[in-house]
Amino acid sequence: MTSISTHVLNTSTGRPAEGVPVELAQRQATGGWTVLGSSKTDADGRCKDLPVPDSAAGTVLRLTFTTEGPFFPEVSIVFDMDPAQAHYHVPLLLNPFGYSVYRGS
C-alpha cells in the first residue's frame with residue numbers, strides 16, 4: 001500500500017499555507033476520476049491524513065488544491081504512482097502568480 005502526503009508553502013511570505021482544501025482522486029480505466037477523500041492543510045501547511053489509494057484500481061492520481069488565488073483559483077497535480085513505493089510526498093510551492101511542485105521525501 002502506498003501512502004500520500006503533501007504540504008503547501010506560500011513562497012511570497014515563506015510561511016506554510018494553513019487551511020488549504022486538498023482533494024485526492026484516482027483515475028479509473030474509463031478515464032473518469034474517483035474522489036478518494038479530502039482534507040485541509042494544518043498549521044504547518046501539511047496534509048498527512050489523505051486516504052491510501054487502491055493500486056488495483058489504477059496508478060494515476062490527482063491532488064487538487066483549492067487555492068482561491070487571484071490567478072490560480074485551484075491547482076491540480078496529476079502524477080503516476082508506483083504501487084511498489086511505500087510513500088509519495090508531493091509538496092506545492094505557491095505564490096499569487098505561480099506555483100511549483102516536486103516529489104519530496
Side-chain angles (χ1 to χ4, degrees):
M1 294 211 292
T2 302
S3 62
I4 308 291
S5 64
T6 188
H7 76 265
V8 181
L9 178 66
N10 180 335
T11 59
S12 294
T13 63
R15 306 279 310 149
E18 182 178 3
V20 176
V22 180
E23 178 184 273
L24 177 65
Q26 189 164 24
R27 187 165 63 192
Q28 301 305 305
T30 59
W33 293 92
T34 299
V35 175
L36 302 178
S38 61
S39 186
K40 283 189 175 186
T41 55
D42 62 17
D44 289 328
R46 297 186 178 274
C47 231
K48 302 175 191 172
D49 59 349
L50 293 169
V52 174
D54 177 9
S55 60
T59 59
V60 177
L61 300 177
R62 179 180 68 196
L63 285 169
T64 302
F65 301 83
T66 304
T67 57
E68 298 178 358
F71 190 66
F72 298 111
E74 71 177 25
V75 173
S76 290
I77 302 164
V78 178
F79 60 99
D80 199 11
M81 171 190 74
D82 178 356
Q85 297 292 313
H87 182 73
Y88 279 85
H89 183 65
V90 185
L92 175 64
L93 307 178
L94 181 67
N95 68 57
F97 299 105
Y99 65 89
S100 178
V101 62
Y102 61 97
R103 179 172 178 195
S105 56

So P91 and L9, do their side chains get closer than 4.5 Å, heavy atoms only?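 They are not in contact (no side-chain heavy atoms under 4.5 Å apart), so the answer is no.
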Rounded to the nearest 0.5 Å, how far does CG of D49 lie from CD1 of I4?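 Taking CD1 in I4 and CG in D49, the distance rounds to 13.0 Å.
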Compare every heavy atom of [Y] with every heavy atom of [X], then report the nearest pair and how far apart it is.
{"X": "G19", "Y": "P21", "value": "O-CD, 3.2 Å"}
{"X": "P16", "Y": "A43", "value": "CB-O, 3.8 Å"}
{"X": "T6", "Y": "L92", "value": "OG1-N, 4.5 Å"}
{"X": "P51", "Y": "L24", "value": "O-CD2, 3.4 Å"}

Partners of D42 by side-chain hydrogen bond (donor to acceptor under 3.5 Å, both in side chains), sequence neighbours excluded?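 Scan of D42 (side-chain hydrogen bond (donor to acceptor under 3.5 Å, both in side chains), adjacent residues dropped) gives none.
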Under the rule for side-chain hydrogen bond (donor to acceptor under 3.5 Å, both in side chains), what residues qualify as partners of T67, not counting sequence neighbours?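 Listed in chain order: nothing, the list is empty.
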Tell me every residue that passes side chain to side chain contact (heavy atoms under 4.5 Å, CB included) with V20, counting only those two or more places apart in sequence or in another chain.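 Counting only residues at least two positions away or on another chain, V20 forms a side chain to side chain contact (heavy atoms under 4.5 Å, CB included) with A17, T41, F65.
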Return all side-chain donor-acceptor pairs below 3.5 angstrom for residues 96-105, not counting sequence neighbours, or 'none' if the list is empty.
{"from": "R103", "atom 1": "NH2", "to": "H87", "atom 2": "O", "distance (Å)": "3.3"}

Less than 3.5 Å apart, which donor and acceptor atoms pair up between the side chains of residues 72-83 and the rest of the protein, not counting sequence neighbours?
{"from": "S76", "atom 1": "OG", "to": "T64", "atom 2": "OG1", "distance (Å)": "3.2"}
{"from": "D80", "atom 1": "OD1", "to": "T59", "atom 2": "OG1", "distance (Å)": "2.9"}
{"from": "D82", "atom 1": "OD1", "to": "A84", "atom 2": "N", "distance (Å)": "2.9"}

Which pairs count as side-chain hydrogen bond (donor to acceptor under 3.5 Å, both in side chains) when at least one residue sits in residues 12-22, sequence neighbours excluded?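 Output for this query is empty, none listed.
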Is there a donor-acceptor pair under 3.5 Å between the side chain of T2 and the backbone N or O of Q85?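 Yes, T2 side chain to Q85 backbone: donor-acceptor pair under 3.5 Å.
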Which pairs count as ring pair (Phe, Tyr, Trp, His ring centres under 6.0 Å) when at least one residue sits in residues 15-45, sequence neighbours excluded?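 For residues 15-45, and leaving out neighbouring residues, there are no ring pair (Phe, Tyr, Trp, His ring centres under 6.0 Å) pairs at all.
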With H89 via ring-ring contact (aromatic ring centres under 6.0 Å, His included) - residues at least two apart: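 Scan of H89 (ring-ring contact (aromatic ring centres under 6.0 Å, His included), adjacent residues dropped) gives H7.
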